[in-house]
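Beneath this line is the structure, given in structure tokens, with notes to follow.
Values below: every heavy atom of this structure, side chains too, minus hydrogens, waters and symmetry copies.
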Amino acid sequence: MTIKSKKSDSLPRSDLGRNEIRFAFFGTSRIAVFVLDALKEAGLIPDLIITPPDKAKGRGLAVQTSAVKGWALANKIEVLQPEHLDLAFSKLLTTDYRLQTADVCIVVDYGKILPGTVLGAPQRGFLNVHPSLLPRLRGPSPIRSGILNDEKETGVSIILVDEEMDHGSIVAQKRIVVSSWPPHIEELEEALMREGGKLLAQILPQWVKGEIDSHEQNHDIATYSTKIGKEDGLLNLSDDAYKNLLKIRAYEGWPGTYAFFKRASKRIRVGILDAHIENDPSTPLGASVLVIDRVKPEGKREMSYAEFLRSGARQV
């Protein structure tokens with residue numbers, strides 16, 4: 001497939017060094033920071049960072065900045081925080097000298113769809129680090145859905161962004177072996193995004209010089225991750241043990257998993273924080289059972305499951 005991004009009229013920059021690549025970075029969360037760290041380690045520093053506006057959160061409505069903004073400030077890089085990617089912002093980007101002279105832009109977990117007027121600004125388009133082996137697991141939750149679906153074959157993809165979600169042509173991919181499955185979500189996020197950042201740093205000079213091409217995804221075999229809501233975290237502790245462990249690991253942090261217990265006549269909602277699988281020797285075939293390790297009863301502190309049961313609570 002031919003590259004859809006705008007091409008320069010000048011000759012290829014064959015003498016381009018890593019520290020001469022000009023790029024802007026669009027991102028938001030901690031997983032994007034892993035990519036920024038990998039790029040920095042390779043001597044690739046963005047000229048400009050675009051991230052969402054600061055937001056007031058929590059009971060005290062304290063203003064919180066994105067993890068990517070924190071990284072930008074620590075590295076003394078200018079930050080833009082548009083509320084909307086509207087026509088005015090598109091015009092700003094296409095007239096800003098940092099975008100006019102940019103070789104490429106990188107987008108990682110930015111959270112907004114980029115319009116065509118923005119995508120066409122840099123000479124070599126927008127590249128995205130996506131934490132799955134596309135076309136598998138397009139959409140909003142590829143890492144969590146990968147654990148939930150028990151997809152042990154995982155990896156990262158670098159794609160050329162187009163106006164559809166995770167639809168662009170593939171520039172590079174890398175399979176990643178996970179030694180202990182199912183992993184904790186934060187461990188898998190870090191492993192995938194650090195390796196994605198290293199892969200991006202490796203191919204970026206070749207991409208900017210036009211030495212590598214992209215190829216179209218096989219859209220006929222695409223699969224999609226799901227949008228996860230708070231209600232998805234409810235566990236039925238009578239379900240298959242391994243299925244429940246996948247859910248606990250996939251939903252760690254947010255939305256979290258929970259189950260209901262009773263103490264006397266009171267119904268208690270209890271967050272299930274961690275668990276593991278053991279074989280039960282009391283059953284004829286040594287069936288697998290879910291062993292809960294850590295819990296957090298609603299309104300209480302985190303504690304071991306054994307301590308919680310000593311309070312007289314029992315599964316509903």
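- Here the side chain of Arg144 pairs no donor or acceptor atom with the backbone of Lys227 at under 3.5 angstrom.
- Under the 3.5 Å distance criterion, the side-chain polar atoms of Ser214 are left unmatched by any main-chain donor or acceptor of Ser169.
- Between Tyr110 and Val68, every side-chain heavy-atom pair lies at or beyond the 4.5 Å cut-off.
- Not one N or O on the side chain of Lys300 forms a donor-acceptor pair closer than 3.5 Å with the backbone of Val270.
- Between Asp103 and Trp207, the closest side-chain pair of non-hydrogen atoms is not below 4.5 Å.
- A single hydrophobic cluster is seen to contain both Leu237 and Met303, as judged by linkage of ILVMFWY side chains at heavy-atom distances under 4.5 Å, directly or through other members.
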(message) Could you go through Arg310 and Glu307, starting from their C-alpha distance and side-chain angles, then the distance that decides it, and tell me whether this counts as salt bridge (charged side-chain N to carboxylate O under 4.0 Å, His left out)?
(response) CA-CA 5 Å; Arg310 286 197 294 271; Glu307 180 184 358; 5.1 Å; no
(message) Working note: Arg30 + Glu189, criterion side-chain contact (heavy atoms from CB on, under 4.5 Å); need CA distance, chi angles, decisive distance, verdict.
(response) CA-CA 9 Å; Arg30 63 184 287 276; Glu189 285 175 343; 2.5 Å; yes
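- Using a 30° and 60° split on the angle between ring planes, His219 and His167 fall in the parallel class, below 30°.
- In terms of heavy-atom proximity, Leu290 sits nearest to Ala241 at N-CB, 3.4 Å.
- Under a hydrophobic-cluster definition in which Ile, Leu, Val, Met, Phe, Trp and Tyr are linked whenever side-chain heavy atoms come within less than 4.5 Å, directly or via other members, Ile272 and Leu309 are assigned to the same cluster.
- Looking only at side-chain heavy atoms (C-beta outward), Phe25 and Ile77 stay at 4.5 Å or farther from each other.
- To the nearest 0.5 Å, the span separating CG on Asp274 from CG on Leu245 amounts to 8.0 Å.
- Across every non-hydrogen atom of Pro53 and Pro82, the tightest pair is CD-O, 3.4 Å.
- No side-chain donor-acceptor contact under 3.5 Å links Thr65 to the backbone of Gly70.
- A donor-acceptor pair under 3.5 Å is absent between the side-chain atoms of Asp109 and the main chain of Gly27, judged by distance alone.
- Counting heavy atoms from C-beta outward, Met193 and Val108 have side chains that approach closer than 4.5 Å.
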(message) Between Ile45 and Asn75, is the side-chain contact (heavy atoms from CB on, under 4.5 Å) condition met? List the steps.
(response) CA-CA 9 Å; Ile45 307 293; Asn75 288 274; 5.6 Å; no
(message) Determine whether Ile49 and Lys69 satisfy the following criterion, side-chain contact (heavy atoms from CB on, under 4.5 Å), listing intermediate values before the conclusion.
(response) CA-CA 8 Å; Ile49 283 180; Lys69 181 179 178 180; over 6 Å; no
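- Arg138 places a side-chain N or O within 3.5 Å of a backbone atom of Asp166 that can act as its donor or acceptor partner.
- The NZ atom of Lys262 sits 14.0 Å away from atom CZ of Arg314, with the distance rounded to the nearest 0.5 Å.
- Taking both residues in full, the closest heavy atoms of Val156 and Ile176 are given as CG1-CD1, 4.2 Å, listed atom of the first, atom of the second, then distance.
- Val33 and Leu44 fall within a single hydrophobic cluster, where Ile, Leu, Val, Met, Phe, Trp and Tyr side chains are chained together by heavy-atom contacts under 4.5 Å.
- Among all heavy-atom pairs drawn from Lys174 and Leu133, the shortest one is O-CD2, 3.7 Å.
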(message) Using the rule given for salt bridge (charged side-chain N to carboxylate O under 4.0 Å, His left out), can you reason through Arg136 versus Glu153, listing the C-alpha separation, both sets of side-chain angles and the distance that settles it, and then say yes or no?
(response) CA-CA 11 Å; Arg136 296 200 63 78; Glu153 185 176 352; over 6 Å; no
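- No donor-acceptor distance shorter than 3.5 angstrom exists from the side chain of Asp47 to the backbone of Ala24, with no hydrogens or angles considered.
- Contact check for Phe308 versus Arg263: side-chain heavy atoms found under the 4.5 Å cut-off.
- Take Arg194 and apply the side-chain hydrogen bond (donor to acceptor under 3.5 Å, both in side chains) test, not counting sequence neighbours, and it matches Glu190.
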(request) I would like to know whether Gln81 and Thr51 meet side chain to side chain donor-acceptor pair (under 3.5 Å); could you show each step before the answer? (result) CA-CA 5 Å; Gln81 296 181 268; Thr51 195; 5.7 Å; no
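- Cluster annotation: Leu200 is connected to Phe34 through the hydrophobic network of ILVMFWY side chains, with a link wherever side-chain heavy atoms come within less than 4.5 Å.
- Counting heavy atoms from C-beta outward, Tyr305 and Val291 have side chains that stay 4.5 Å or more apart.
- Closest non-hydrogen pair, Ser145 versus Leu137, comes out as CB-CD2, 4.1 Å.
- You'll find the side chain of Thr226 reaches within 4.5 Å of the side chain of Ser141, heavy atoms only.
- Separating the CG atom in Asn236 from the CD atom in Gln315 is a distance of 9.5 Å, to the nearest 0.5 Å.
- In this structure, CZ in Phe260 is found 8.0 Å from CD in Glu298, a value given to the nearest 0.5 Å.
- In this structure, the side chain of Gln217 engages the main chain of Gly168 through a donor-acceptor pair within 3.5 Å.
- Grouping the Ile, Leu, Val, Met, Phe, Trp and Tyr side chains by contacts below 4.5 angstrom, directly or via other members, places Ile158 with Val104.
- Distance alone, capped at 3.5 Å, places no donor-acceptor pair between the Glu195 side chain and the Gly155 backbone.
- Sparse packing is recorded around NZ of Lys55, with 12 or fewer heavy atoms of other residues, nucleotides or ligands lying under 6.0 Å away.
- Contact record, Pro46 with Leu36: CG-CD2, 4.1 Å, taken as the closest heavy-atom pair.
- Environment of NZ in Lys152: crowded, with over 12 heavy atoms of neighbouring residues, nucleotides or ligands closer than 6.0 Å.
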(request) Could you walk me through whether Phe23 and Leu127 pass side-chain contact (heavy atoms from CB on, under 4.5 Å), step by step? (result) CA-CA 10 Å; Phe23 69 100; Leu127 295 182; over 6 Å; no
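- The side-chain heavy atoms of Tyr251 and Ile147, taken from C-beta on, include no pair separated by under 4.5 Å.
- A distance-only check finds no donor-acceptor pair linking the side chain of Arg267 to the backbone of Val316 [under 3.5 Å].
- Here the straight-line distance linking atom CG of Leu246 with atom OG1 of Thr257 works out to 11.5 Å at 0.5 Å rounding.
- In this structure, CG on Asn128 lies 9.0 Å from CD1 on Ile106, to the nearest 0.5 angstrom.
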